[in-house]
Amino acid sequence: MGSDQTNQTPYYITTPIYYVNDRPHIGHCYTTLIADVAARAQRLVGRDVFFLTGTDEHAEKVSKTALEHDKTPMEWATINAERFKDAFAFMNFSNDDFVRTTEDRHTTKATQYIQQLLDQGDIELGDYEGWYDPSQEEYLTEMVAKESNYNSPVTGKPLEKRVEQNYFFRLDKYQSWLEDQFADDTITILPGARKNEVLGRLKQGLMKVPVSRQIKEGDPDWGIKMPCDDSHRIYVWIEALCNYLTTVDNDQRTKYWEGEVTHLMAKDILWFHAIIWPAMLHAMGKQPPKTVYAHAYWIAEGTKMSKSLGNFIEIDLLAAYADKYSLDAVRWFLTTQGPLGANDADFAHARFVEVYNADLANSIGNSMSRVGNMVAKYFEGTVPATCNGEFGFPDGSSLQTALKALESVGKPADDPNRTFHFQEFITKATTDYHDALERMDLESMLDSARSIVRFVDEFISYSAPFTLAKQLDTLDDAPHALRSILYSCAEALRIASLLLYPAMPQKMTELWNAWNCEHLTDQSNPNSAFVAPLSELAQWNSTHSIKQGQSITKGDPLFMRADANEPAPVAEPTA
RNA sequence: GGCCCCGUAGCUCAGCGGUUAGAGCGCGCGACUCAUAAUCGUUUGGUCCCCGGUUCGAAUCCGGGCGGGGCUACCA
């Protein structure tokens, strides 16, 4: 594995921009978290990454709610955009930018795109005819109208058939082009079940989509006007989608759009991202995204989250969990247990504690503790030697010595012929890691990191360095064997920690500080850049490896074991 | 209404035509003691939703049920 294998295509990953009227909740945090983990992993393997999130602010309701709060729409949007920024800073997301759709850089470009589509005839004036619900001030689809017998589903009053003049995007022109993109995965829709949904709907045929709204008497001045026509605003959805391009549509950043683009989102807004947006891009002569990934939802303790139940898991509750179990534990749980597939996932406290103890306290944290502790105990905290990580016949003698030690105390190994090949195992783990990252399968990505930890635990049990340590004076070669064994454990864990970093940047940086590993350009800042790509960092017994004489402090346990009987954290009531 | 997905061990899921159906977690037992009562080993645990069909052979393909869920273009 050399740096020449690193994918040099710039990597651009986006989350949806979030509706500012919502309070940041687990859904926003989850989508942005998986983007963060993917972005950090891609940076780790050496790619040039741009990670974007932001807020969608031009919705009608924003201006309405602003009024209710005695604020201008812009003031209100700013207050709420700040809440998202705070929440994301709290989650330690490494987004390279945060776009607000009210910013000039967005509105200017978005207007240009619409103008271009108008000039080309991809956007044209037409009549929109539909069932209007005057009480809700919205149009209903034919299906919904029919189901409710052409009465308002809310008030029961009759719907009105209304015709409105609107600008339409000629989505219908791009049906066959879209079909081609999906047929050979030029645009990859993930997971597969979602792709089927999109294909199924696509088969029913595409219509023109309205991309403007008429400005009504007394409407607040909010949103972007149609460039050609002051009496229309650009429909907020259409404008919002443009953020992915507007933010990087400049000389410095255009390489990201021309690189590999991944859009992440929840399943409810897949259609816009898989169909409308790629078609718009194609019409503009721009490359479509490579991957459109729609994850499912979190549910809370087995129950769907809804406004009426008021059981949304908001940022405050995540903060309470972070306070008790550490932020990285929250990131780990959400990333590995989340609804990346087509099925919803449950945020259940009992499950959280189970995963926390199994993966973090007992596995990762404990393994790092026991190795650190043995180095402290047997070698006064200084790594005494290096080793090639080969154990067992015919390449190494250290394991044989360890087995002799076990034999001499009457505890011979069941299978005395086992071999352990650290470098080979780690190469396989990092290869799997890369492959999983390419598929956005973050759970198996992190599991391949954890497989190294399991390997180390297994090796410790088998080789029993603690037994060997008691015979340093009586058994020939025992000191050398013990040094080799502990070096290999520490070095393997160092590499595992690199692979775990994207999910748990703070905790892994904590370990590197305790072990004096200089992987980051600024050891005091978990978010600083790596000094080298993974292919170099993860080399066994090489430039960035643990060295002979390197001091390792035991440090505090990274994840203290949790008591399942303690009550679940509760969100602090906040303003 | 239309289209789609899912139903496999207590839980989350993998397997999607071929030997006695798997993993992780949980539970039980054994071993060990460097470590956070952690770890390692091992057992238990399954009419692979039901009925029918195709096949030498089906969890896997086909048809029909039952149950759960999703999508169905103007709140975002």
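A, B, ... follow the sequence lines: proteins, then strands. Residue 1 opens every chain.
- Rounded to whole Å, the P atom of B:G46 lies 10 Å from the corresponding atom of B:A9.
- A:P465 comes within 4.0 angstrom of no nucleic acid atom, judged by non-hydrogen atoms across all strands.
- If you measure from atom CE of A:M265 to atom P of B:A73, you get 18 Å, rounded to the nearest angstrom.
- Atom P of B:G10 sits at a distance of 8 Å from the matching atom of B:U47, rounded to the whole Å.
- Within the nucleic acid shown, A:L199 has no heavy atom closer than 4.0 Å to any nucleic acid atom.
- Separating the CH2 atom of A:W332 from the P atom of B:C25 is a distance of 12 Å, rounded to the nearest angstrom.
- A distance of about 38 Å separates the P atoms of B:A21 and B:U33, rounded to the whole Å.
- B:A37 and B:A31 are spaced 15 Å apart, taking the C1' atom of each and rounding to whole Å.
- Judged by a 6.0 Å distance limit and a 45° cone about the ring axis, A:R201 is positioned over the six-membered ring of A:W271.
- Going from atom CH2 of A:W298 over to atom P of B:G69 covers 19 Å, rounded to whole Å.
- Looking at heavy-atom distances under 4.0 Å, A:D268 makes contact with a base.
- Distance alone, capped at 3.5 Å, places no donor-acceptor pair between the A:T14 side chain and the A:Y244 backbone.
- Both tests pass for A:R418 against the ring of A:Y462: distance under 6.0 Å to the centre and angle within 45° of the axis.
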Under-3.5 Å N/O pairs linking protein and nucleotides 27-34 of chain B:
residue: B:U33; atom: OP1; partner: A:K411; partner atom: NZ; Å: 2.8
residue: B:U33; atom: OP2; partner: A:K411; partner atom: NZ; Å: 3.4
residue: B:C34; atom: OP1; partner: A:K470; partner atom: NZ; Å: 3.0
residue: B:C34; atom: O4'; partner: A:Y378; partner atom: OH; Å: 3.4
residue: B:C34; atom: O3'; partner: A:N373; partner atom: ND2; Å: 3.1
residue: B:C34; atom: O3'; partner: A:K377; partner atom: NZ; Å: 3.4
residue: B:C34; atom: O2'; partner: A:N373; partner atom: ND2; Å: 2.7
residue: B:C34; atom: O2; partner: A:R370; partner atom: NE; Å: 3.2
residue: B:C34; atom: N3; partner: A:R370; partner atom: NE; Å: 3.3
residue: B:C34; atom: N3; partner: A:R370; partner atom: NH2; Å: 2.5
residue: B:C34; atom: N4; partner: A:R370; partner atom: NH2; Å: 2.8

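- With rounding to whole Å, A:E239 atom CD is found 11 Å from B:A76 atom P.
- Under the Watson-Crick or G-U wobble criterion, with both distances below 3.5 Å, B:A59 has no partner in any strand shown.
- Pairs engaging residues 357-367 of chain A under the salt bridge (Lys or Arg N to Asp or Glu O under 4.0 Å) rule: A:D359-A:R450 [sequence neighbours left out].
- Under the 3.5 Å distance criterion, with hydrogens and angles disregarded, no donor-acceptor pair is assigned to the side chains of A:D56 and A:W237.
- Ring-centre distance between A:F425 and A:F420: not below the 6.0 Å cut-off.
- Between B:C32 and B:U39, the distance separating the two C1' atoms is 8 Å to the nearest Å.
- Cation-pi check for A:K507 over A:F559 is met; the charged atom lies under 6.0 angstrom from the ring centroid and within 45 degrees of its normal.
- Using atom P as the reference point in both B:A23 and B:C66, the two lie 35 Å apart (nearest Å).
- Within a heavy-atom distance below 4.0 Å of RNA chain B, the residues of residues 355-366 of chain A found are A:A358, A:A361, A:N362, A:G365, A:N366.
- Among the protein residues, A:G205 comes within range of the nucleic acid bases, having at least one heavy atom under 4.0 Å from a base atom.
- Among the atoms of the strands shown, none is found under 4.0 Å from any heavy atom of A:K195.
- As judged by a 4.0 angstrom heavy-atom cut-off over every strand, A:M207 is placed among the base-contacting residues.
- For the atom pair A:Y235 OH and A:I114 CD1, the distance stands at 13.0 Å (nearest 0.5 Å).
- Checked against a 6.0 Å centroid threshold, the rings of A:Y325 and A:F352 count as neighbours.
- Between A:F88 and A:H28, a ring centre-to-centre spacing not shorter than 6.0 Å is recorded.
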Protein-nucleotides 5-11 of chain B N/O pairs closer than 3.5 Å?
none

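- In this structure, B:C13 and B:G22 make a Watson-Crick or G-U wobble pair, each of the two defining distances being under 3.5 angstrom.
- Between B:A59 and B:C16, the distance separating the two P atoms is 14 Å to the nearest Å.
- Following rounding to the nearest Å, A:Q337 (CD) and B:G24 (P) show an atom-to-atom distance of 15 Å.
- Geometrically, A:K195 does not engage A:F182 in a cation-pi contact, judged by NZ or CZ lying under 6.0 Å from the ring centre and within 45° of the ring axis.
- Nearest heavy-atom pair, A:G302 versus A:D346, reported as atom, atom and distance to 0.1 Å: N-OD1, 2.8 Å.
- Rounded to whole Å, the distance from CG on A:N80 to P on B:A76 is 16 Å.
- Pairing for B:G1 goes to B:U72, judged as Watson-Crick or G-U wobble with the two contacts each under 3.5 Å.
- As judged by a 4.0 angstrom heavy-atom cut-off over every strand, A:Y235 is placed among residues touching the sugar-phosphate backbone only.
- Closest to the side chain of A:D56, out of B:G2, B:A76, B:G70, is B:A76.
- Nearest-nucleotide positions on RNA chain B for A:F559 and A:R418 put A:F559 closer to the 5' end.
- Look at CG on A:L406: it is 12 Å from C1' on B:C40, rounded to the nearest Å.
- Among the atoms of the strands shown, only primed sugar atoms or phosphate atoms (P, OP1, OP2) are found under 4.0 Å from some heavy atom of A:K554.
- When all heavy atoms of A:H58 and A:T101 are compared, the closest pair comes out as CE1-O, 3.1 Å.
- If you take atom P in B:C50 and the same atom in B:C4, they sit 24 Å apart, rounded to whole Å.
- The side chain to side chain contact (heavy atoms under 4.5 Å, CB included) check on A:D473 picks up nothing, with sequence neighbours excluded.
- Residue contacts shown for A:R194 are limited to sugar-phosphate atoms, with no base heavy atom under 4.0 Å away.
- As judged by a 4.0 angstrom heavy-atom cut-off over every strand, A:L206 is placed among the base-contacting residues.
- Within residues 440-458 of chain A, the residues that have a heavy atom under 4.0 Å from RNA chain B are, in order of number, A:D457, A:E458.
- Between A:F391 and A:F422, the distance from one ring center to the other falls under 6.0 angstrom.
- When rounded to the nearest whole Å, the span between CG of A:L558 and C1' of B:A35 equals 13 Å.
- Along RNA chain B, the nucleotide nearest to A:V20 and the one nearest to A:Q204 differ in position, and the one closer to the 5' end is contacted by A:Q204.
- A distance of 6.0 Å or more separates the ring centres of A:Y293 and A:H263.
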